[in-house]
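To keep things clear, I will list the structure first and then write my remarks on it.
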Amino acid sequence: MRRTQVAIVGAGPSGLLLSQLLASQGVDSVVLERESPEHVQGRIRAGLLEWTTVELLQEAGIGARMMREGLVHDGFDVAFADGGHRIDLKGLSGRSMLVYGQNELQKDLIEARSAEPDTVLWQVHDVALHDIGTCAPRLTYAHADRRHELHCDFVAGCDGFHGVSRAAIPVEKLTQYERTYPFGWLGLLADVPPLHEELVYVHHERGFALCSMRSHGRSRYYVQCPLEDKIEHWPDSRFWDELHARLPERYARQLVSGPSFEKSIVPLRSFVTEPMHFGRLYLVGDAAHIVPPTGAKGLNLAAADVRVLAQGIVEFYRAGSPTLLEEYSARALGRVWKATRFSWWFTTLLHRFSADPFAERLQLAELEYLAGSAAAARSLAENYVGLSFD
Ligand SMILES: Cc1cc2nc3c(=O)[nH]c(=O)nc-3n(C[C@H](O)[C@H](O)[C@H](O)COP(=O)(O)OP(=O)(O)OC[C@H]3O[C@@H](n4cnc5c(N)ncnc54)[C@H](O)[C@@H]3O)c2cc1C
């Protein structure tokens with residue numbers, strides 16, 4: 001039997017960042033992760049950090065490489081009707097974004113956490129949560145062919161959408177809100193220079209596309225695809241042809257293609273669980289909510305949850321006060337719902353939903369309004385860079 005102050009399920013960005021922040025404040029934690037470190041840091045996912053996330057990572061002492069290698073972006077383009085319009089994030093909101101791959105962030109977090117041996121246990125199986133409604137929760141799990149028990153004061157469920165933490169809460173205690181979208185994103189990663197120095201979001205009659213990057217020599221491109229499509233249907237040549245066909249001429253002529261080294265299809269989903277807390281269990285990041293990636297909010301929301309929860313836990317141990325912990329769910333959900341609204345709106349604006357000419361004309365009218373109205377562009381910029389903390 002082992003004891004810790006905070007048991008954390010999952011070593012994604014939420015779990016490792018929480019562990020790192022707690023350690024910097026003298027709070028002990030143990031992280032239980034199902035996969036190997038190589039698997040976790042090999043996952044290609046998000047790549048855009050809000051500045052509040054950047055500051056939180058710096059506060060956690062893991063920002064050095066990110067600040068050296070990350071690319072500061074002051075704006076992005078929205079392309080439609082064969083033209084492009086720049087959203088000046090810095091000018092409209094005063095803030096920029098940082099391009100830094102989630103897999104790079106995972107590497108930094110893993111390195112930082114390995115300074116404390118035995119804090120992160122990899123390839124742990126059969127994690128089960130017990131007594132979470134009491135002041136003495138415990139976890140059971142299998143590790144290195146043996147069964148173990150971990151006693152703690154608090155459990156942080158940082159185990160993503162398909163994890164065990166949310167499922168441990170009695171179903172009648174939760175309300176879940178969900179919207180699925182009738183398409184997915186096919187993403188491709190290749191070592192070719194990005195077609196533009198900033199991201200380009202594309203609305204096109206063939207479907208949405210996003211031209212993104214991880215560095216000056218590595219591009220991340222996406223095209224909207226049918227949900228039922230399989231990767232085998234998309235050889236690289238078909239992907240490049242389709243992306244090219246969706247780009248206005250001024251971008252298309254700059255597109256450099258090359259062999260992919262990662263290709264995947266993700267379904268798009270909005271999902272929110274309320275509350276994000278039951279007894280001594282706190283849900284964090286994707287375990288509690290999912291947004292479609294259009295607004296680049298998933299990873300940033302996870303970091304925002306971590307910030308609020310870490311404050312609550314530290315306050316509990318420093319001052320003996322549970323007040324911030326009691327407020328965790330309400331404070332986190334305020335931000336989550338605003339980001340959910342924004343991600344839904346940006347997804348709805350840019351994707352092709354059906355062959356309904358009326359809906360298509362409304363999308364174009366809204367895009368033209370965005371291009372012509374400083375107020376509309378400011379609203380987009382404010383939400384994109386992340387709303388301020390209360
Ligand atoms: C395929 C994909 C692509 C994405 N692309 C983007 C994007 O382009 N832009 C964007 O902003 N966001 C994107 N996201 C969302 C973003 O990556 C997530 O919001 C972010 O990873 C959330 O971090 P997390 O730590 O909360 O959850 P996760 O990163 O999901 O981490 C959860 C961890 O828990 C572990 N785990 C799960 N179950 C168990 C268990 N039973 N026991 C122990 N460990 C367990 C998992 O192995 C994982 O390491 C994407 C997500 C996915 C899945």
Side-chain angles (χ1 to χ4, degrees), residues 7-20 30-50 53 97 99-103 105-106 109-110 120-129 139-143 150 155-168 184-189 199 201 210 212-214 220-222 231 262-271 273 276 282-306 309 332 336 339-340 342-343 346-347 384 386:
I8 299 174
V9 189
S14 302
L16 291 183
L17 179 57
L18 180 64
S19 177
Q20 177 73 7
V30 171
V31 184
L32 305 180
E33 167 60 48
R34 190 180 51 195
E35 307 290 350
S36 68
E38 295 74 26
H39 178 93
V40 168
Q41 69 189 27
R43 289 190 297 225
I44 304 299
R45 293 184 172 178
L48 265 181
L49 305 181
E50 294 173 5
T53 306
M97 300 287 284
V99 171
Y100 193 64
Q102 181 170 329
N103 57 324
L105 180 59
Q106 286 274 183
L109 285 164
I110 289 170
V120 186
L121 305 182
W122 302 98
Q123 294 178 303
V124 163
H125 298 287
D126 302 329
V127 174
L129 285 64
L139 276 65
T140 52
Y141 59 94
H143 188 231
L150 178 63
V155 182
C158 301
D159 47 349
F161 184 69
H162 300 288
V164 291
S165 298
R166 192 178 66 252
W185 275 21
L186 167 64
L188 174 147
L189 196 63
L199 270 66
Y201 289 82
L210 171 60
S212 174
M213 72 280 289
R214 293 292 183 263
R220 179 71 165 159
Y221 293 123
Y222 300 93
I231 281 298
E262 197 272 348
K263 232 176 352 188
S264 50
I265 294 178
V266 279
L268 269 61
R269 182 197 307 269
S270 299
F271 174 83
T273 302
M276 289 168 56
Y282 297 85
L283 300 177
V284 182
D286 278 18
H289 42 75
I290 300 278
V291 285
T294 325
K297 289 281 158 270
L299 179 56
N300 292 296
L301 275 182
D305 291 351
V306 167
L309 183 59
V336 165
T340 299
F342 171 67
S343 303
F346 207 31
T347 302
Y384 193 89

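Numbering of ligands and ligand atoms starts at 1, following listing order.
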**Prompt:** For ligand 1, which atoms sit closer than 4.0 Å to a heavy atom of Gly298?
**Reply:** 11 (O), 19 (O)
**Request:** Under 4.0 Å, heavy atoms only, figure out whether ligand 1 is touched by the backbone of Val127, its side chain, both or neither.
**Result:** side chain
**Prompt:** What is the nearest protein non-hydrogen atom to atom 26 (O) of ligand 1, stated with its residue, atom name and distance?
**Reply:** Ser14 OG, 2.7 Å
**Prompt:** Which ligand 1 atoms does Tyr222 reach within 4.0 Å, using its non-hydrogen atoms?
**Reply:** 8 (O)
**Item:** Shortest protein heavy-atom distance from atom 38 (N) of ligand 1, along with the residue and atom involved
**Value:** Arg34 NH1, 3.4 Å
**Asked** Under the 3.5 angstrom rule, does the side chain of Arg220 hit a backbone N or O of Ser212 as a donor-acceptor pair?
**Response** no
**Message:** I'd like to know if the side chain of Asn300 and the backbone of Leu48 have a donor-acceptor N/O pair within less than 3.5 Å.
**Reply:** yes
**Request:** Report the nearest protein non-hydrogen atom to atom 47 (O) of ligand 1: residue, atom name, distance rounded to 0.1 Å.
**Result:** Glu33 OE2, 2.6 Å
**Prompt:** Looking only at heavy atoms, which two atoms of Ala156 and Leu18 are closest? And how far apart?
**Reply:** CB-CD2, 3.4 Å
**Item:** Check: Ile231 and Ile265 side chains under 4.5 Å, non-hydrogen atoms
**Value:** yes
**Asked** Short N/O distance, under 3.5 Å, between Glu35 and ligand 1?
**Response** no
**Message:** Could you identify the single nearest non-hydrogen protein atom to atom 31 (O) of ligand 1 and state the distance to 0.1 Å?
**Reply:** Gly12 CA, 3.5 Å
**Test item: Met213 and Leu199 side chains (from C-beta on) under 4.5 Å apart, heavy atoms** = yes
**Prompt:** Do the numbers put Arg34 on top of the ring of Tyr141, so that NZ or CZ is under 6.0 Å from the six-membered ring centre and no more than 45° off the axis?
**Reply:** no
**Asked** Given Val9, which of Asp159, Val31, Val124 fulfils the side-chain contact (heavy atoms from CB on, under 4.5 Å) condition?
**Response** Asp159
**Val266, portion touching ligand 1 at heavy-atom distance under 4.0 Å** = side chain
**Asked** Just wondering, do Leu105 and Leu17 contact through their side chains at under 4.5 Å, heavy atoms?
**Response** no
**Item:** Subset of ligand 1 atoms that lie under 4.0 Å from at least one heavy atom of Lys297
**Value:** 11 (O)
**Message:** Would Ala287 count as being in polar contact with ligand 1, using the rule that some N or O on each side must be under 3.5 angstrom apart?
**Reply:** no
**Item:** Main-chain N/O of Pro37 paired with Gln106 side-chain donor or acceptor, under 3.5 Å
**Value:** no
**Prompt:** Mind checking whether Phe346 and Tyr384 have parallel, tilted or perpendicular rings, split at 30° and 60°?
**Reply:** perpendicular
**Request:** Tell me, please: is Arg43 in heavy-atom contact with ligand 1, that is, under 4.0 Å?
**Result:** yes
**Prompt:** Which residue and non-hydrogen atom of the protein lie closest to atom 13 (C) of ligand 1, and at what distance in Å?
**Reply:** Ala46 CB, 3.8 Å
**Message:** Among all the protein's non-hydrogen atoms, which is closest to atom 23 (O) of ligand 1, and how far away is it?
**Reply:** Pro13 CD, 3.6 Å
**Item:** Protein contact to atom 17 (O) of ligand 1 [nearest heavy atom, distance to 0.1 Å]
**Value:** Gln102 OE1, 2.8 Å
**Asked** Is a donor on one side and an acceptor on the other found under 3.5 Å between the side chain of Thr347 and the backbone of Ser343?
**Response** yes
**Request:** Could you tell me which atoms of ligand 1, counted from 1 in the order shown, lie closer than 4.0 angstrom to a heavy atom of Leu32?
**Result:** 43 (C), 44 (N)
**Prompt:** Of the backbone atoms (N, CA, C, O) and the side-chain heavy atoms from C-beta on, which set of Cys158 has a member under 4.0 Å from an atom of ligand 1: side chain, backbone, both, or neither?
**Reply:** backbone
**Message:** Run Asp286 and Ser14 through side-chain contact (heavy atoms from CB on, under 4.5 Å) and show every step you take.
**Reply:** CA-CA 9 Å; Asp286 278 18; Ser14 302; over 6 Å; no
**Fill in**
When Asp305, Thr340, Thr273 are each screened for side chain to side chain donor-acceptor pair (under 3.5 Å) with His289, the one that passes is Asp305
**Asked** Does Val284 reach the side chain of Ile8, with side-chain heavy atoms less than 4.5 Å apart?
**Response** no
**Asked** N/O to N/O below 3.5 Å, does that happen between Asp286 and ligand 1?
**Response** yes
**Complete:** ligand 1 atoms nearer than 4.0 angstrom to some heavy atom of Gly163 are 38 (N)
**Prompt:** Which of the numbered atoms in ligand 1 are below 4.0 angstrom from a heavy atom of Gly285?
**Reply:** 26 (O)
**Complete:** The closest protein heavy-atom partner of atom 41 (N) of ligand 1 is Val164 CG1, 3.6 Å
**Request:** Consider every N or O of His162 and every N or O of ligand 1, then say whether any pair is closer than 3.5 Å.
**Result:** no
**Prompt:** Just heavy atoms, cut-off under 4.0 Å: does Ile290 contact ligand 1 by side chain, backbone, both, or neither?
**Reply:** neither
